[in-house]
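Input: a single structure, listed below in structure tokens.
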Amino acid sequence: MTLAEAIFLTVITASTPLLLAAIGELVVERSGVLNLGVEGMMIMGAASGVAVAIVTGSSVLGVVAAIGAGMAMAALFALLTLGLATNQVAAGLSLTIFGLGLSGVVGAPFVGMQRAGIAKIEVPFLSELPLIGPILFRQDPFVYGSVALVAGVAWFLWRTKAGLVLRACGENPVSAHALGYPVLRIRFAAVLFGGACAGLAGAYLSLVLTPFWTAGMTAGRGWIALAIVVFASWLPWRAMLGAYLFGGLIILQLHAQTAGVRVPSQLLAALPYLLTIVALTVIMALRRGGGQVAPQALGRPFVPDR
Amino acid sequence: MTLSRRNVLAGASALAASTALPMAARANDPLGVGFVLIGPVGDFGWSTMHDVGRRRMEEVLGDAVTTTQVEAVAPPDFDRVVTTLARAGTRLIFTTSFSYFQPTLRMAEQFPDVMFENATGTATRDNLAIYNARFYEGRYIQGVIAALKSQTKQIGYVAAFPVPEVIHAINTVMRGAWSVDPEMRIRVVWANAWFNPGVEADAARALIDQGCDVLCQHTDSPAPLQLAEERGIHGFGQASDMTRFAPNAHLTSSINNWGDYYAARAQAMIDGTWAPADTWGGLDSGMFQLAPFTNLDPEQASHAERVVAGLRDGSIDPFAGPIVNQAGEEVIAEGESLDDDAIRSMNYFYQGIDVSMPG
């Protein structure tokens, strides 16, 4: 395997959990809900996934459990923000703190245990092709799943009536409600989907990337996913680009260090975050004259007048 | 009742009598011992082994001690955590990271009645002791074994922060490697974290992709070793025996053994003999041990055992001169050796190590 192939493969590995979490949060925010609890849902997915996988001996059940845990956390958030119309920012932050603590309790019995990671899917013959073979045809199911998810979300949001309704709930929930659409139920479904994606991202961390449980293993990836959604201007394919760009920068700064680039490692490590800030600034500056970038009702509670 | 001198004295006497009994009882209460950990107990490395040490202390001293442990304490939270422990009556506090050394100095001043012990610190105070193990002896052995195993002549090192402990470890690994093969080279990735499995795994991938076929780590998760297993190369565990994480890749681990030290220091507190000490134990002290050598052929294992024996009896000195730094300046001449203070404050790489100092 050439160095270029190896770097590409590592970039994909580093980017996949970011993409999974970001695409879920993108749908949530498109519906007008801001869930800052991605990190909490993600780590609960990681803890539950590895716990169930170890207990049952099945990685598939582990993934299902991770999705379920993410959705359960999301349902709690939805209960607070949609059912009780509490502040979404406060509820999201609380969800992250709660998730980090609860995951430690859930994962405690499984500290020190490990299991084999989920195997890669190798497409016969095609995986042997130079350069593109290993990158496109020798990946784990999560990688293929994440790309399919992006395509599915893009199609849903822009090519279906249901997607249009969901976006309407994020832009003008009052009008959507006046037209007879159940805004809160639609938002609830979106929040659950976001939780499922975050749980799936967590499962990737504890079942593929580093196949064991340890407290705090998400290490801020949930926050990066939130930044990617903004970076992507709430567009699915751009979110994919953002996730791969961010993952690429993380990996390239490590390779720059190994290659002996004479730049402080702290600066190299900060580079992905600095470039995100620059990108966000540029996007906002370019869009300033052209109307709203974010869904207009993002973060605002909606209480239908009954 | 009118307030008179007699009434005040009588009241004071009654108060003194009422508090005397609890004070006497308090002297026989278990000693409150606190532990502040830099990582989670489940890091499988540094913090895991401090927790093992704490439990060993409890086992040895039984009801004579009661322990409170706070894990994954970020340095900005340190003061708050220690203040809480001190105010709760904890009389001996172990702060288990170099990242806590400066804050521990500050807290020791603030709570003169509490005794502090900092792992890997560099100075003592009236109520502050420091303790460490000479892990560099293990690093020297790792360098020797790495040179015996490597085909590419490249060692990969997942480093945490550019602090003296990590710098002298990298230097010592290379000194050990050069004792076998002077052509050995090292590549370093700074993870800028003591514990972050995802970053550690990515760092290991980068090192392997760049041609390193033996990995050393100064971070605490088994992720780099697992990557070594996955990619068919070799590596060393950190702080605990990590054989089970990589049965085919693992060569050895330095195993931190703090339990007996913790028990002795707590017993000294109970006996009233605690004094600020500077403890730095080597292989012969039992403060760290080597996991059994694995995945070495008999000749390689025998070579490694000879090096272990040499370190134990002092015939091998990892810091014997001549030592020349990257700038070409002689740090210490032939026939001399760096003293402990010079090792502890090391802020340079040896000549031949093509690694830039971050920051």
Side-chain angles (χ1 to χ4, degrees), chain A residues 1-11 13-14 17-18 46-47 100 103-104 107-114 116-117 120 204-206 208-221 247 250-270, chain B residues 39-45 47-48 51 71-72 74 154 156-159 161-162 185-193 195-212 220-227 229-231 240 242 244-246 353-359:
Chain A
M1 189 188 297
T2 66
L3 181 59
E5 284 175 350
I7 291 172
F8 271 119
L9 284 171
T10 313
V11 167
T13 306
L18 302 178
L100 288 167
S103 64
F110 303 96
V111 166
M113 298 185 193
Q114 63 162 357
K120 289 183 177 357
Y204 185 82
L205 295 179
S206 63
V208 179
L209 192 65
T210 50
F212 57 85
W213 164 252
T214 184
M217 71 188 302
T218 44
R221 284 180 180 83
I250 290 168
I251 298 308
L252 288 173
Q253 65 92 4
L254 294 172
H255 277 277
Q257 286 190 52
T258 64
V261 172
R262 303 274 169 182
V263 177
S265 68
Q266 295 93 332
L267 181 61
L268 287 171
Chain B
V41 163
D43 68 3
F44 312 109
S47 293
T48 294
D51 180 55
E71 60 186 276
Q154 288 197 80
Y157 201 107
V158 182
F161 295 102
R185 291 290 172 263
I186 193 165
R187 291 180 186 268
V188 175
V189 170
W190 300 94
N192 292 305
F195 174 76
N196 185 333
V199 171
E200 292 172 59
D202 289 339
R205 284 187 186 93
L207 289 164
I208 296 165
D209 292 344
Q210 294 279 355
C212 301
D220 295 330
S221 93
L225 200 51
Q226 287 179 311
L227 254 295
E229 178 90 354
E230 189 185 300
R231 300 283 284 267
S240 68
M242 292 186 172
R244 66 201 162 105
F245 289 103
I353 296 178
D354 188 26
V355 174
S356 57
M357 192 71 74

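Note on naming: letters A, B, ... go to the chains in the order of the sequence lines (proteins, then strands), and numbering restarts at 1 for each one.
- Looking at B/Ser240, neither its backbone nor its side chain comes within 4.5 Å of chain A, counting heavy atoms on both sides.
- Using a 4.5 Å cut-off between heavy atoms, B/Asn192 touches chain A through its side chain atoms alone.
- For the atom pair CD (B/Gln210) and CG (A/Leu254), the distance works out to 10.5 Å, reported to the nearest 0.5 Å.
- Contacts with chain B were tallied for A/Leu252, A/Thr258, A/Ile7, A/Thr10; A/Thr258 has the most, counting heavy-atom pairs under 4.5 Å.
- Of the two parts of A/Thr218, neither the backbone nor the side chain holds a non-hydrogen atom closer than 4.5 Å to a non-hydrogen atom of chain B.
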query: Step by step, would you call B/Glu200 with A/Thr210 a side chain to side chain contact (heavy atoms under 4.5 Å, CB included)?
result: CA-CA 10 Å; B/Glu200 292 172 59; A/Thr210 50; over 6 Å; no
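- Qualifying side chain to side chain contact (heavy atoms under 4.5 Å, CB included) partners for A/Ser103, counting only residues two or more places apart in sequence or in other chains: A/Ile43, A/Met44, A/Ala47, A/Trp213.
- Taking the ring-ring contact (aromatic ring centres under 6.0 Å, His included) definition, one finds that B/Tyr157 meets it with nothing, sequence neighbours left out.
- Of the listed residues (B/Pro197, B/Ser221, B/Ala206, B/Cys212), the greatest number of heavy-atom pairs within a distance under 4.5 Å of chain A belongs to B/Ala206.
- Evaluated for a side-chain contact (heavy atoms from CB on, under 4.5 Å) with A/Gln257, the options B/Val189, B/Val355, B/Leu207 yield exactly one hit, B/Val189.
- The parts of A/Leu209 that come within reach of chain B are both its backbone and its side chain, each placing non-hydrogen atoms under 4.5 angstrom from that chain.
- Looking at B/Val188, the atoms closer than 4.5 Å to chain A (heavy atoms on both sides) all sit in the backbone: N, CA, C or O.
- For B/Ala223, the parts sitting under 4.5 Å from any heavy atom of chain A are the backbone and the side chain alike.
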